Amino acid sequence: MDNNKKGYKTLGIMGGTFDPIHYGHLVTAEAARDIFNLDSVVFVPSGRPPHKKDYRVTDAESRYLMTVLAVVGNPHFYVSRVEIDREGQSYSIDTIDAFQKKYPSTELYFITGADAILEILTWRKVDEIVRKCFFIAATRPGYDLKGLSAEFQRVAEVLCDRIHTIEVPALAISSTDIRRRVADGESIKYLVPESVEQHIYKNDLYTGAR
Ligand code: ATP
Ligand code: MG
């Protein structure tokens, strides 16, 4: 679903566990597309996420399906199976490499929340990574990413114009909170697309205590 029939000049990549995908993800991707004039945004659900060991991650096909359901109404949004179909653990750097190889003349923009950008900045070979793509980090209105950590300051100096920040109003939404709400019998209406909500209840996701 991430084929390049139209020949992208610019492509946003939004990686995530998407367990489940929610309006925070969608609003962020759309804001990034709009502000940076991206031709498309491809959502990349992770296969076996290396950083999520504190709860049982829902099976990849179910998370993939919810992501497809969520983006169906946006003609600029696609979903990629690249991490789901890859053997072993998935790392965003491998995904960036894969897209760069596939679309060598496309400018790649890796879209993340502020928490994820800080994680990425601690990767090895970070300067090599930022030569391959731009980063768009979503922050809450009034939230100063640069004030977050000395590590960020250090890397930000090296990257300067390669990391952009955007302010997104829906940043308080999280998959963790949605899973908790379902487990506690609270409503998740208007936090996720209706089709995603239906998929969750139809398949009894998140009903057990986590
Ligand atoms: P969890 O609570 O399980 O960690 P999550 O809501 O953080 O889930 P992920 O799938 O971990 O969702 O996140 C995928 C990407 O989306 C990450 O880059 C993350 O920073 C970003 N993100 C998550 N929630 C939001 C939000 N409300 N607004 C903007 N970006 C978000
Ligand atoms: Mg998260």
Side-chain angles (χ1 to χ4, degrees), residues 12-36 38 41-60 62-71 74 77 79-80 82-84 89-93 95-96 99 108-123 129 133-143 145 148-149 152 163-184 186 188 190-193 196-197 199-200 205-206 208-210:
I13 300 171
M14 177 112 194
T17 315
F18 303 133
D19 193 12
I21 189 164
H22 53 66
Y23 279 127
H25 300 129
L26 295 163
V27 166
T28 300
E30 181 64 5
R33 189 192 70 74
D34 196 29
I35 293 166
F36 294 94
L38 307 178
V41 175
V42 57
F43 289 73
V44 188
S46 57
R48 236 182 297 158
H51 305 297
K52 303 250 174 175
K53 294 190 182 118
D54 48 338
Y55 77 98
R56 228 191 79 234
V57 175
T58 305
D59 81 88
S62 195
R63 290 183 290 108
Y64 171 77
L65 187 56
M66 287 191 280
T67 310
V68 172
L69 288 171
V71 307
N74 190 321
F77 285 1
V79 187
S80 166
V82 65
E83 290 196 8
I84 288 175
Q89 292 201 326
S90 29
Y91 292 94
S92 307
I93 179 60
T95 300
I96 292 166
F99 277 100
L108 301 177
Y109 287 74
F110 198 77
I111 306 163
T112 74
D115 56 330
I117 192 85
L118 289 172
E119 226 166 70
I120 288 164
L121 296 179
T122 63
W123 292 349
I129 295 160
C133 63
F134 294 94
F135 285 86
I136 301 172
T139 66
R140 245 180 241 110
Y143 184 86
L145 190 62
L148 269 185
S149 73
F152 182 82
I163 301 183
H164 304 282
T165 57
I166 56 173
E167 291 189 345
V168 179
L171 221 116
I173 305 173
S174 76
S175 302
T176 301
D177 182 56
I178 290 164
R179 294 192 299 272
R180 184 204 55 78
R181 281 168 180 266
V182 176
D184 292 348
E186 292 176 20
I188 56 167
Y190 314 124
L191 297 174
V192 299
V196 171
E197 185 187 353
H199 177 91
I200 290 169
L205 300 185
Y206 316 130
R210 298 208 178 245

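Fair warning: this is a prediction, and the values are worked out from it, not measured in the lab. Just follow the structure's listing: the first ligand is 1, and inside any ligand the first atom is 1.
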Below 4.5 Å, heavy atoms only, C-beta onward: do V44 and V82 meet side chain to side chain?
-> yes
Could you grab the distance from atom CZ of R181 to atom OH of Y206, nearest 0.5 Å is fine?
-> 14.5 Å
Is D19 in polar range of ligand 1, meaning some N or O pair under 3.5 Å apart?
-> no
Determine whether the side chain, the backbone, both or neither of T28 has a heavy atom under 4.0 Å from any heavy atom of ligand 1.
-> side chain
Could you tell me whether some N/O pair between G113 and ligand 1 is separated by less than 3.5 angstrom?
-> yes
Here the atoms of ligand 1 under 4.0 Å from any heavy atom belonging to R179 are 3 (O)
Show which atoms of ligand 1 fall inside a sub-4.0 Å distance from at least one heavy-atom site of G16.
-> 10 (O), 14 (C)
CD1 (I21) and CG (L69) are apart, to the nearest 0.5 Å, by 10.0 Å
Check ligand 1 against T112 and write out every atom of the ligand that is under 4.0 Å from a heavy-atom position of the residue.
-> 18 (O)
What atoms in ligand 1 come closer than 4.0 Å to a heavy atom of S174?
-> 2 (O), 6 (O)
Closest to atom 27 (N) of ligand 1 (judged by heavy-atom distance), picking from I173, V57, T17 | I173
Where does the angle between the aromatic ring planes of F36 and H164 fall among parallel (under 30°), tilted (30 to 60°) and perpendicular (over 60°)?
-> tilted
Quick note on ligand 1: atoms under 4.0 Å from a heavy atom of G15 include exactly 14 (C), 15 (C)
Can you tell me how far CD of E197 sits from OH of Y190, rounded to the nearest 0.5 angstrom?
-> 8.5 Å
Quick one: NE2 on H25 to CD1 on I111, what's the gap to the nearest 0.5 Å?
-> 12.0 Å
Spacing of M14 atom CE and T67 atom OG1 [to the nearest 0.5 Å] | 10.5 Å
Nearest 0.5 Å, what's the CD1-OG1 distance between I166 and T28?
-> 6.0 Å
If you measure from each heavy atom of S46 to ligand 1, is any distance below 4.0 Å?
-> no
Heteroatom proximity flag, H22 to ligand 1, N/O under 3.5 Å = yes
So is there a nitrogen or oxygen of F18 less than 3.5 Å from a nitrogen or oxygen in ligand 1?
-> yes
